[in-house]
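Since the structure is predicted, the reported quantities are computational estimates derived from the model, not experimental observations.
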Amino acid sequence: MPLPSPVPRAITRRLANATGGGVITRTVLPGGLRVVTESMPGVRSASVGIWVPVGSRDETPALAGASHFLEHLLFKGTATRSGLDIANEMDAVGGEFNAFTEKEHTCFYATVLDRDLPLAVDIVADVVLDATVTGQDVDIERGVVLEEIAMRDDDPADLVHDEFALTLFGDVPLGRSILGTEESIQALNRRQIHGYYRRRYAPESMVVAVTGNVEHREVLRLVRRAFGDRLDPSRPPRPPRAGGTGAAGLVPSGRARVCPDDTEQANLVVGCHGLNRHDPRRFAAGVLSAALGGGMSSRLFQRVREERGLAYSVYSFTSGYADAGVFGVYAGCQPGKADEVLSLVLDELNVAASGGLTEAEVERGKGQMRGATVLGLEDAGSRMTRIGKSEIIYGEVLGVDELLARIDTVTPADVAELASDLLRRPRCLAVVGPFGAHDFDGAL
């Protein structure tokens, strides 16, 4: 007689000591669900987030905007709670309940007093796992999403980033707006969105992150109760996203996209393909970005704002995805000064590409990264975001000390070598403002 198969057991591992005397702990439950906690002794709050590795790059053209639309719809009601019930229960304990959608993942989160953590875990799991997504809710929320698209279109500083992504990547999922388009949202129906929900929202691919005045064993008990029989022991955990076909190849040098708009300010983003999030040089990229445009002492801030007074806002940024990345510079200025601002930005990119950053600038960039890493972790919500995002995209969570150590290892030579590679790549430009469609042809 064959022996019965062994029952899968939860696998728990202490990952790191947390800042402030706490501990980061990770458990993989039977059925693949990952639970990561960070204890924060001395606080009276707790934050829980359920992370789903589903975002706008998972959408076909017919489903453009579905991930974000679905994020809205899950708050409208579940099998056991109406949308008003959800709002009433969270308001009764003074909690915050919200969600956000990005290119490669979606997060639903709540922050409450520590004593109300059982309620928060139950409500967030209920919304993520048991939403009804009715046809009536789809029709009502469609109007809300269309209003959000209209708000984006009325904010040129926001719109230009979407236009830049489309210019850089092309008409592929990674290049399209998370919001979708007015046409795609109008066309989506309940069957499409509900089917997308049921296909994509699988517990074995999710991460539950909890931080604050919490105890890991108690969190596991709450999560097991909330997920119930959805924890299928036969399912292994899904590994982090390994990449897909959503990233287009390098764009031709000199490509520009202008969105004519009757605004008082010109908004522009210039940049190139950057590093994917698994590239070991990503810490050097962060230092490079900080030195170029990350603070008041940065090259771009000093040249464009302090010395010339040409712009109020100018900064550089990086974004990393599973198989692609972005390095860019944003500036907002008077339309008549756009050519001069763009020329200054390009000059500074060229100087940095030629090894023009000094050791002092690199050290200040490292200091900015260290400060941003630590100072952004002063509350339970921000720490929940850090450990949840790390687990969902990397499959691991590094302690703050390890992150600081990796920043410390970046050398001026590392930054110079990366700048020479990164900033010589073909560039593209997006502009929103009172211009003609071809006013920036040849500007790069």
task: Give a yes or no answer on whether the side chain of Ser39 reaches the backbone of Val23 with a donor-acceptor pair at less than 3.5 Å.
output: yes

Side-chain (Glu141) to main-chain (Leu73) donor-acceptor, under 3.5 angstrom: no

message: Other residues, nucleotides and ligands only: do more than 12 of their heavy atoms fall within 6.0 Å of CD on Glu359?
response: no

message: Taking CD in Gln192 as the centre, count heavy atoms belonging to other residues, nucleotides or ligands within less than 6.0 Å. Is the count above 12?
response: yes

query: So which of Asp421, Asp414, Leu422 actually passes side-chain contact (heavy atoms from CB on, under 4.5 Å) with Arg281?
result: Asp421

query: Is there a donor-acceptor pair under 3.5 Å between the side chain of Arg142 and the backbone N or O of Ile185?
result: yes

- prompt: Is a side-chain N or O of Ser420 found less than 3.5 angstrom from the main chain of Ala416, in a donor-acceptor match?
  reply: no

- request: Evaluate the side-chain proximity of Arg386 to Ile24: yes if any heavy-atom separation is below 4.5 Å, no if none is.
  value: yes

query: What pair of heavy atoms forms the shortest contact from Phe301 to Met296, and how long is it?
result: CD2-O, 3.2 Å

message: I want to check something: taking the side chain as every heavy atom from C-beta on, are Lys103 and Ile178 in contact at a cut-off of under 4.5 Å?
response: yes

query: Short question: side chain of Glu361, backbone of Thr358 - any donor-acceptor pair under 3.5 Å?
result: yes

- request: Report yes if the side chains of Glu348 and Gln302 come closer than 4.5 Å at any heavy-atom pair, otherwise no.
  value: no

query: Taking all non-hydrogen atoms of both residues, which atom of Leu357 and which atom of Arg299 are closest, and how far apart?
result: CD2-CG, 4.0 Å

query: Residues two or more places apart in sequence or in another chain: which of them pass salt bridge (charged side-chain N to carboxylate O under 4.0 Å, His left out) with Arg305?
result: none

- prompt: Which heavy atom of Ser67 sits nearest a heavy atom of Ser56, and at what distance?
  reply: OG-N, 3.9 Å

- request: Would you mind checking if Arg370 and Asp408 are paired as a salt bridge, meaning a charged N to carboxylate O distance below 4.0 Å?
  value: yes

query: Taking C-beta and beyond as the side chain, do Phe227 and Val208 meet within less than 4.5 Å on heavy atoms?
result: yes

Check: residues 256-265 side-chain donor-acceptor pairs under 3.5 Å, at least two apart:
residue	atom	partner	partner atom	Å
Arg257	NE	Glu163	OE1	2.4
Arg257	NH2	Glu163	OE1	3.4
Thr263	OG1	Gln265	O	2.7

- prompt: Closest heavy-atom contact between Val124 and Ala110?
  reply: CG2-CB, 3.7 Å

message: When you compare the side chain of Lys366 with that of Val362, does any pair of heavy atoms fall below 4.5 Å?
response: yes

task: Check the pair Glu391, Trp51 against side chain to side chain contact (heavy atoms under 4.5 Å, CB included), reporting the backbone distance first and the verdict last.
output: CA-CA 9 Å; Glu391 181 63 40; Trp51 296 73; over 6 Å; no

query: Do Leu129 and Met206 have side chains that get closer than 4.5 Å, going by heavy atoms?
result: yes

- request: Give a yes or no on whether Glu147 atom CD has more than 12 heavy-atom contacts from other residues, nucleotides or ligands under 6.0 Å away.
  value: no

- request: Assess whether side chain to side chain contact (heavy atoms under 4.5 Å, CB included) is satisfied between Leu403 and Met369, documenting all intermediate values.
  value: CA-CA 10 Å; Leu403 288 175; Met369 281 195 71; over 6 Å; no

task: Let me know which of Met40, Met384, Arg383 forms a side-chain contact (heavy atoms from CB on, under 4.5 Å) with Ser47.
output: Met384

- prompt: Looking only at heavy atoms, which two atoms of Thr211 and Ala380 are closest? And how far apart?
  reply: OG1-O, 2.6 Å

query: Just wondering, are more than 12 heavy atoms of other shown residues or ligands nearer than 6.0 Å to OH in Tyr312?
result: no

message: I'd like to know if the side chain of Ser205 reaches the main chain of Tyr201, judged simply by a donor and an acceptor atom lying under 3.5 Å from each other, with no hydrogens or angles considered.
response: no

message: If we ignore hydrogens and angles and just use 3.5 Å, is the side chain of Gln334 paired with the main-chain N or O of Gly336 as donor and acceptor?
response: no

- request: Output the distance between atom CG (Leu423) and atom CG (Leu418), rounded to the nearest 0.5 Å.
  value: 7.5 Å

statement: Here the pair of heavy atoms bringing Leu346 nearest to Ala443 is CD1-O, 3.6 Å

- prompt: Taking C-beta and beyond as the side chain, do Thr409 and Phe283 meet within less than 4.5 Å on heavy atoms?
  reply: no

Arg308 atom CZ: more than 12 heavy-atom contacts under 6.0 Å: no

message: side-chain hydrogen bond (donor to acceptor under 3.5 Å, both in side chains) for Thr106 and Glu71? Distances and angles first, verdict last.
response: CA-CA 8 Å; Thr106 305; Glu71 174 215 310; over 6 Å; no

message: For a side chain to side chain contact (heavy atoms under 4.5 Å, CB included) check, start with the C-alpha distance between Val326 and Tyr321, then their side-chain angles and the critical distance, and finish with the verdict.
response: CA-CA 9 Å; Val326 176; Tyr321 306 109; 4.2 Å; yes

- prompt: Taking the side chain as C-beta and beyond, is there a heavy-atom pair between Arg152 and Ser177 under 4.5 Å?
  reply: yes

message: Taking Asp58 first and then Arg199, would you say they form a salt bridge - that is, a charged N and a carboxylate O separated by under 4.0 Å?
response: no

task: Evaluate side chain to side chain contact (heavy atoms under 4.5 Å, CB included) for Leu74 paired with Tyr197, printing each intermediate quantity in order.
output: CA-CA 10 Å; Leu74 298 196; Tyr197 172 44; 4.0 Å; yes

Other residues, nucleotides, ligands: >12 heavy atoms within 6.0 Å of Glu396 CD: yes

